[in-house]
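Quick note: numbers below take in every heavy atom, side chains included, and nothing from hydrogens, waters or symmetry partners.
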Amino acid sequence: MKKISIFLILMLAVVMLAVPVLAAQPAAMTVNASDKTLDRGDTVVITVSTTKVDECVSGGFMLTFDKNVFEFVSGESALSAQGYMAGVSNAAGNVAGYFMNGNKTVEGEIFKITLRVKDTAAYGSYTVSGVPNLKAGGAAVECTVNEVTFTVACRHTFGAFEFVNDSTHKHTCTKCGHEEQGSHVWDNGTITQKPDCEKPGELEKTCSDCKAKTTEPLQATGHAWDNACDTDCNNGCGLTRTTEHTYETAFSSDATGHWYACSICGDKKDFAVHTPGPEATTTSAQLCLDCSFEIAPKLTHLHQMSTEWITDDTYHWHRCQWSNPSCHYTEDKAEHDYDNDCDVDCNTCGYVRLDAPHNYSQEWMGNAEGHWFVCLDCFGQSEVEKHVPGPAATETEPQRCTECNIVIAMPLNHVHEFGSLWYFDENSHWQCCSDMLCFETTDPEPHTWDEGLDMASGGKQYSCTTCGKQMETQGTTPTQPSVPPTTQPTTAPAQQDEPVQEQNGFSWEWIAIAAIILLAIGFILLIIEFIRSHSRNSHGRFSK
């Protein structure tokens, strides 16, 4: 029994000594940056965070970076609000954050350090990391740290385009001298010599970027005639010719008379009114004696009006559909009706006319994609034309289209302000920049519907909790979009087999002292037991 007690005391001492060692769990510091692509003169915010460290007494972080590229601007520590003496210092370019005089749990962001890219920095890739130092419970904490790679590159500001040759032009960055070439962007051109029926013309085009000019030939139009019977050239050159009609041998006729028609152009020859034959009877119609056109139907004829419309360029009507096609009785004759001067489809009979040009305004409309004119009659749009970019945007002036004067790119110092006004469609909502000249919008987000209100009709009325759009349904609940977490931890916290218990201020040093005392007592008891086991009497018993 004594041996078992001694063994248990020794094991308890070993466990108590091991607990402080296990308490100092390894930590990980993470370096993040607000931007990883920079230009000379840009500033970047370096954020230093740590995984959870209990009873953290003090710590520091020496930022390592190329001093030929970056220079210190400012720094601050998030631990000042927790009662630590904390801050960020800079001595001869050695930037370090520190905190001390505490004994609390430290986790998350601990430092923010702002660096600036020097104006003399060479373009290229550079890494920023650091050397960590943490102490918890009087012992150093093993700590790892990552690296962040930055790219320092010129954000080109190009000057005006320069002519290179007949197919290309170039422009040069005013900051670093980088050149880029591109093909000429020719406009639709201006006719400098109009072609006629026999002589070719000429079209002059201008590059919208560098203003270079080129010319293209225009083919002669050639003579144009309506048909083989037409005598006057339609192109206005004044040429006339002699033609002959090709008349049919059979009569053509209608209710007014009969004639011989040209099979090519429809010209009428020898028109004459009908010569009525015998009056219509119950058995025979009245016919023209010359062309056999039915002037009057049989007396027993009853009109049966067709439901299909008969049309010409101006009117539509219904006609009798009696089995005798010579009946020309009509009803419901009226002019075609259109919505406006631009509408081509008759609203009553569906007749399609070909001569309905749009009445476009002379004021451009546009958006970020291009510009167009709007018809003043039907509000239809002309074909969208791409913008012709003017001078590049500056700090204070936007870039505008040289054709329509619409802003293509806002000034470089422009900051988008989206305000509180929402725009929406059936599936999503978004916000627009409050500057009327700016086309920038936020990314569309799906609606998030509330629980809905019961309607008298039996359905429900739902409202988006973000933009206020309403939707009515009949017993179907709208699907809520899955919303991803707004932030992601940059480094996963270290896994622990058991949760760390609150110590309520009890120091690990006292546990260690108690363990050492118990270990010493155990060793003394072992020595005594060893001596007694070798001091037996002749009867095999322990001596007293």
Side-chain angles (χ1 to χ4, degrees), residues 156-174 177-226 230 232-241 341-342 354-394 397-411 437 439:
H156 299 307
T157 301
F158 290 103
F161 282 95
E162 301 176 16
F163 178 84
V164 176
N165 53 44
D166 290 341
S167 60
T168 59
H169 50 221
K170 68 178 182 179
H171 56 179
T172 305
C173 177
T174 58
H178 173 75
E179 290 186 356
E180 289 187 2
Q181 290 193 357
S183 300
H184 291 303
V185 182
W186 302 111
D187 61 13
N188 294 330
T190 302
I191 296 177
T192 56
Q193 182 176 339
K194 188 176 180 180
D196 58 23
C197 295
E198 299 179 351
K199 294 180 181 179
E202 187 175 80
L203 180 69
E204 182 181 76
K205 291 185 176 182
T206 303
C207 175
S208 59
D209 291 334
C210 69
K211 307 307 177 185
K213 295 184 181 297
T214 186
T215 57
E216 294 181 2
L218 297 176
Q219 293 183 348
T221 59
H223 299 296
W225 318 94
D226 290 337
D230 191 11
D232 298 320
C233 175
N234 294 335
N235 290 334
C237 68
L239 177 68
T240 59
R241 63 178 181 173
D341 291 342
C342 303
L354 302 178
D355 54 346
H358 289 288
N359 180 23
Y360 289 120
S361 68
Q362 298 304 307
E363 183 176 353
W364 288 107
M365 302 293 289
N367 56 21
E369 304 300 325
H371 49 253
W372 59 86
F373 291 117
V374 175
C375 179
L376 298 176
D377 296 323
C378 69
F379 304 104
Q381 294 183 3
S382 65
E383 183 177 356
V384 177
E385 299 179 9
K386 292 184 177 180
H387 290 305
V388 180
T394 65
E397 294 295 327
Q399 183 184 39
R400 293 179 179 272
C401 172
T402 59
E403 292 289 337
C404 67
N405 205 38
I406 289 176
V407 172
I408 301 173
M410 296 298 289
L437 298 179
F439 295 108

Quiz item: Just wondering, do Leu437 and Met410 contact through their side chains at under 4.5 Å, heavy atoms?
Solution: yes
Self-check item: Closest approach of Thr192 to Leu203 (non-hydrogen atoms, all atoms of both residues)
Solution: OG1-N, 4.5 Å
Quiz item: Looking at Phe163 versus His184, is the centre-to-centre ring distance below 6.0 Å?
Solution: yes
Quiz item: If every non-hydrogen atom of Val384 is compared with every non-hydrogen atom of Trp372, which pair is closest and at what distance?
Solution: CG2-CE3, 4.0 Å
Self-check item: Check: Asn235 side chain, Gly222 main-chain N or O, donor-acceptor pair, under 3.5 Å
Solution: yes
Quiz prompt | Residue pair Ser382 / His358, side-chain heavy-atom distance below 4.5 Å | solution = no
Quiz item: Can you tell me how far the OH atom of Tyr360 sits from the CE atom of Met365, to the nearest 0.5 Å?
Solution: 14.0 Å
Exercise. Measure the spacing between CG of Leu376 and CD of Gln362 and express it to the nearest 0.5 Å.
Key: 8.5 Å
Quiz item: Taking the side chain as C-beta and beyond, is there a heavy-atom pair between Phe161 and Lys211 under 4.5 Å?
Solution: no
Quiz prompt | Student check: side-chain heavy atoms of His223 and Cys197 closer than 4.5 Å | solution = yes
Quiz item: Donor-acceptor pair, Arg400 side chain versus Ala409 backbone, under 3.5 Å?
Solution: no
Quiz item: Going by heavy atoms in the side chains, are His171 and Glu180 under 4.5 Å from each other?
Solution: yes
Self-check item: Sidechain-backbone polar pair: Thr172 side chain, Glu179 backbone, donor-acceptor under 3.5 Å
Solution: no
Practice problem: Ignoring hydrogens and angles, state whether a donor on the side chain of Lys205 or Thr214 is under 3.5 Å from an acceptor on the partner side chain. | Solution: no
Self-check item: Minimal non-hydrogen separation, Trp186 against Asp166, with atom names
Solution: CZ2-O, 3.8 Å
Quiz item: Is any side-chain heavy atom of Gln399 less than 4.5 Å from a side-chain heavy atom of Pro391?
Solution: no
Quiz item: Would a 4.5 Å heavy-atom cut-off, applied to side chains only, mark Ile406 and Phe439 as touching?
Solution: yes
Practice problem: Quick one: do Cys342 and Asp377 satisfy side chain to side chain contact (heavy atoms under 4.5 Å, CB included)? Show the steps, please. | Solution: CA-CA 7 Å; Cys342 303; Asp377 296 323; 3.7 Å; yes
Quiz item: With a 3.5 Å cut-off and no angle check, do the side chains of Asp226 and Asn234 form a donor-acceptor pair?
Solution: yes
Exercise. Look up atom CG in Leu239 and atom CD in Glu198, then write down how far apart they are to the nearest 0.5 Å.
Key: 8.0 Å
Quiz item: Under a 4.5 Å cut-off applied to non-hydrogen side-chain atoms, are Glu403 and His387 in contact?
Solution: no
